[in-house]
Amino acid sequence: MPSPLLHGLNPEQLAAVTLPHESALILAGAGSGKTRVLTTRIAHLIQTGQASPHGILAVTFTNKAAKEMLSRISAMLPINPRGMWVGTFHGLCNRLLRTHHREAGLPALFQILDHQDQLSAIKRLLKSLNVDDEKYPPKQVQFFINSNKDQGIRSAKVEAYDDYTRRLTEFYAAYDAQCQREGVVDFAELLLRTYELLSRNELLREHYRSRFKHILVDEFQDTNRLQYLWLKLLAGPDAAVFAVGDDDQSIYAFRGAQASNMQEFERDFHVSKVIKLEQNYRSHGNILDAANALISQNLHRLGKNLWTSEGSGEPIRVFAAYSDHDEAAFIVDEIKALRSEDVVLSGIALLYRSNAQSRILEHALFNAGLPYRVYGGLRFFERQEVKHALAYLRLIANSGDDGALLRVINFPARGIGARTLEQLQTLATERGHTLWDAAASGLLGGKSGSSVGAFLQLIESLRAACAGLPLSEQIEHVLVHSGLIAHYKASKTEAERVENLEELVNAAVGFVQEYEAEPLEPDQAAQDILSVFLTHATLEAGEHQAAVGSEALQLMTVHAAKGLEFHSVFLSGLEEGLFPHEQSKNEADGVEEERRLMYVALTRARRRLYLSYAQSRMLHGQVRYGIPSRFLSEIPPALLKQISGAQTPYQTETPRSVVRNSSESNSPWHIGQNVAHAKFGQGVIVNCEGSGADARVQVNFGRNGVKWLALEYAKLEPV
DNA sequence: ACTACGAGACTTTTT
DNA sequence: GTCTCGTAGT
């Protein structure tokens with residue numbers, strides 16, 4: 001009796017969903033219904049009584065994917081999915097470590113370092129060791145530490161055959177000691193700690209092994225060595241691991257992902273058959289043929305060919321531009337044409353290899369008055385003002401957090417200078433104390449001693465005042481009494497930061513609502529809300545990926561586009577050196593990874609695909625002349641349609657004409673004038689002050705708020 | 001303690 | 001071209 005759950009699945013999907021209790025590898029091509037298979041499998045296991053929600057563990061890489069999975073499952077089944085563990089590797093490890101912090105050797109309120117925090121911790125460490133950071137750049141030390149952790153290698157196990165590596169290994173050991181002293185863990189540490197906890201502690205390991213008989217892994221090709229070991233450890237002998245991935249879409253090798261884990265998985269988990277999902281429900285035939293042809297150039301593939309039951313559709317359009325400006329102008333024109341064919345703007349994506357390429361596109365779109373959204377850049381919880389606020393909160397939660405202390409001990413300025421900090425550092429290092437303890441020891445005499453003392457008192461009083469308050473009021477209190485808000489309010493140029501701090505309070509309100517709406521498992525319930533919020537801020541700093549909704553063009557890197565689809569895709573900058581990127585050519589398998597990236601880009605398009613390149617391009621402040629990307633020649637010419645040549649420059653609306661417009665009349669700026677700004681969009685001038693180089697205008701940007709802008713810098717355009 | 005200027009970098013990025 | 005970082009100068 002087929003269940004309605006299984007309705008509409010193709011034979012391969014059905015086979016995957018209904019596989020018996022054994023480990024399986026699902027090779028899921030782009031657009032082949034991967035998420036559907038994964039979620040239907042879970043629902044099916046529960047519905048048929050093969051598993052209870054309690055026995056299911058589903059692992060993803062992003063919070064977005066985890067949320068998506070949960071919401072799809074709850075849509076399929078009338079059960080509360082909360083017994084299931086669905087989350088990211090990091091989120092799940094965090095949960096385990098919070099529950100078993102004692103066994104893991106961590107304080108209850110351990111804090112998590114993001115990438116930035118980690119780097120500043122390393123800089124601080126190197127400074128305290130008097131290391132020449134010319135010889136040992138902090139970023140390189142960070143890379144060394146992380147790549148070892150990602151392979152599950154502790155400093156004691158690093159094989160160092162030369163002095164340089166030996167030195168790096170010393171830093172690795174010292175860094176771990178510093179983190180331990182301060183009660184903080186970095187991202188890789190979350191995983192490594194959990195791994196070590198479970199391998200060391202048989203009782204816990206058996207507990208979780210007997211609980212999770214069904215482990216499902218999304219984007220398996222993106223797992224690194226440690227994540228693979230982690231899965232192997234957690235999966236007991238009678239667990240079934242359902243691994244879904246696509247080796248052709250492995251584009252994160254540069255951060256440790258090993259698609260070879262798929263082959264290893266086949267062996268280690270005795271996978272009897274690999275199921276391939278090759279029917280594509282997204283793109284027309286020509287696009288898939290192009291993608292197949294391209295990716296077939298890669299050696300070492302598991303092998304897979306996408307097909308569709310739809311027609312071949314339109315040819316892929318190729319445009320050879322004279323210059324980068326031309327390329328942008330061409331794209332703008334085509335977008336206008338698409339719009340007149342009723343293609344919605346949000347269904348059009350402009351993809352590029354590197355972020356720097358967005359600027360010229362933005363400029364052209366802006367001048368053409370086309371709304372667009374750029375993905376990437378700083379996320380909310382990464383902004384400096386937000387980080388400052390969080391640092392106060394972290395100090396309240398854990399006074400041993402030296403990184404947090406250093407961030408705010410003199411921000412806003414309270415007369416604690418470099419001199420004082422140096423003394424404090426020395427004192428702490430001598431005694432093996434945290435900075436807080438060193439400061440509290442009273443051994444710092446004189447004026448610096450008293451100003452440091454005042455800071456400690458401030459934190460103590462914040463901590464006391466916050467005890468028992470609702471989270472958002474705690475944050476408000478801290479913002480006011482730390483002087484942060486006042487500091488930013490006093491500044492003319494940083495009004496936006498005040499808004500972000502206010503937004504932080506709102507975020508807390510929203511967070512608490514969600515948190516309280518969701519009934520908790522006992523292992524989580526006891527936690528302090530502040531600590532949970534701080535963890536949330538680090539583990540979910542917000543995604544870079546597109547959110548549907550706003551009626552605007554979507555601009556992003558190819559990496560950020562993974563997993564998404566669009567009616568029309570423009571892929572620009574297809575030049576040797578840009579795509580494939582110059583630096584990839586020196587790396588082992590670098591070009592193959594670039595080709596997979598190209599494959600990902602092609603398979604984002606449903607109906608129409610544009611590929612373009614420019615003969616000349618401004619790069620690093622110089623004009624460069626490039627040749628077309630090799631990837632273009634790897635697509636069968638029969639699938640391509642060349643649009644115009646590059647002999648004559650494409651007609652462009654040069655920015656100069658716009659500038660001239662505004663300077664022709666004597667005072668183009670007046671109250672009531674409609675203007676547009678690159679970041680804030682369209683607005684209207686509501687106030688003016690000053691003249692010449694000091695002239696400022698106040699502009700109401702509607703949803704983006706009211707801002708004061710210096711005319712000299714803001715590059716406003718009249719509308 | 002804050003600002004200003006110059007040097008140098010500069011793929012991709014989630015947690 | 002543009003951003004970040006570090007140092008020197010006020």
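Here is the naming used below: chain letters follow the sequence lines, and residue numbers restart at 1 for every chain. As a basis for the values below, the full set of heavy atoms in this structure was taken, side chains included, without hydrogen atoms, waters or symmetry mates.
- The distance between atom NE2 of H115(A) and atom C1' of dT15(B), rounded to the nearest whole Å, is 11 Å.
- Looking at residues two or more places apart in sequence or on another chain, you find a side chain to side chain donor-acceptor pair (under 3.5 Å) between S358(A) and E362(A).
- Of the two residues contacting DNA chain B, namely G415(A) and F61(A), the nearest-nucleotide position lying further toward the 5' end is that of G415(A).
- With sequence neighbours excluded, no residue forms a ring-ring contact (aromatic ring centres under 6.0 Å, His included) with Y172(A).
- Residues that satisfy the ring-ring contact (aromatic ring centres under 6.0 Å, His included) test with F511(A), not counting sequence neighbours, are Y515(A), F533(A), H536(A).
- I416(A) comes within contact range of the sugar-phosphate backbone alone, with a heavy-atom separation under 4.0 Å but no base atom that close.
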Could you list all N or O pairs between the protein and nucleotides 6-8 of chain B that sit under 3.5 Å apart?
none

Protein N or O to nucleotides 9-12 of chain B N or O, pairs below 3.5 Å:
{"from": "dT11(B)", "atom 1": "OP1", "to": "Q583(A)", "atom 2": "OE1", "distance (Å)": "2.7"}
{"from": "dT11(B)", "atom 1": "OP1", "to": "Q583(A)", "atom 2": "NE2", "distance (Å)": "3.0"}
{"from": "dT11(B)", "atom 1": "O4'", "to": "H581(A)", "atom 2": "NE2", "distance (Å)": "3.1"}
{"from": "dT11(B)", "atom 1": "O2", "to": "R353(A)", "atom 2": "NH1", "distance (Å)": "3.0"}
{"from": "dT11(B)", "atom 1": "O2", "to": "R353(A)", "atom 2": "NH2", "distance (Å)": "2.1"}
{"from": "dT11(B)", "atom 1": "O4", "to": "E587(A)", "atom 2": "OE2", "distance (Å)": "2.6"}
{"from": "dT12(B)", "atom 1": "OP1", "to": "N355(A)", "atom 2": "N", "distance (Å)": "2.7"}
{"from": "dT12(B)", "atom 1": "OP1", "to": "N355(A)", "atom 2": "ND2", "distance (Å)": "3.1"}
{"from": "dT12(B)", "atom 1": "O4'", "to": "R353(A)", "atom 2": "NH1", "distance (Å)": "3.0"}
{"from": "dT12(B)", "atom 1": "O2", "to": "R353(A)", "atom 2": "NH2", "distance (Å)": "2.9"}

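- Note: CZ (R193(A)) to C1' (dT15(B)) measures 17 Å, nearest angstrom.
- With both ends at atom C1', the span from dT11(B) to dG6(C) equals 25 Å, rounded to whole Å.
- In this structure, K64(A) places its NZ atom 14 Å from P of dT13(B), rounding to the nearest Å.
- Remark: H487(A) pairs with F411(A) by the ring-ring contact (aromatic ring centres under 6.0 Å, His included) rule, at least two apart or across chains.
- Using a 4.0 Å heavy-atom distance criterion, N94(A) is classed as making no nucleic acid contact.
- Regarding Q357(A), its CD atom lies at a distance of 17 Å from the P atom of dG1(C), rounded to whole Å.
- Legend: salt bridge (charged side-chain N to carboxylate O under 4.0 Å, His left out) pairs involving residues 244-254 of chain A, not counting sequence neighbours, sorted by first then second residue: D246(A)-K304(A), D248(A)-R301(A), D248(A)-K304(A).
- Remark: Y352(A) pairs with no residue by the ring-ring contact (aromatic ring centres under 6.0 Å, His included) rule, at least two apart or across chains.
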**Request:** Kindly indicate, with the supporting measurements, whether the criterion salt bridge (charged side-chain N to carboxylate O under 4.0 Å, His left out) is fulfilled by K64(A) and E540(A).
**Result:** CA-CA 9 Å; K64(A) 190 181 169 193; E540(A) 300 186 47; over 6 Å; no
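- Between dC5(C) and dT12(B), the two P atoms lie 16 Å apart (nearest whole Å).
- Atom CD in E134(A) sits roughly 12 Å away from atom C1' in dC5(C) (whole-Å rounding).
- Summarising the geometry, the separation between CZ on F187(A) and P on dT14(B) is reported as 10 Å, rounded to the nearest angstrom.
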**Asked** How far apart are the C-alpha atoms of H581(A) and F254(A), what are their side-chain angles, what is the distance that settles it, and do they pass the ring-ring contact (aromatic ring centres under 6.0 Å, His included) test?
**Response** CA-CA 13 Å; H581(A) 198 276; F254(A) 71 92; over 10 Å; no
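- Residue R255(A) places none of its side-chain N or O atoms closer than 4.0 Å to OP1 or OP2 of dT14(B).
- Listed by first then second residue, pairs satisfying side-chain hydrogen bond (donor to acceptor under 3.5 Å, both in side chains) with a partner in residues 591-602 of chain A read N298(A)-R595(A), R353(A)-E594(A), E593(A)-R596(A), R595(A)-E634(A), not counting sequence neighbours.
- Between the CG atom of D150(A) and the C1' atom of dT14(B) there is a distance of 11 Å, rounded to whole Å.
- One atom, NZ of K149(A), and another, C1' of dT15(B), lie 14 Å apart when rounded to the nearest Å.
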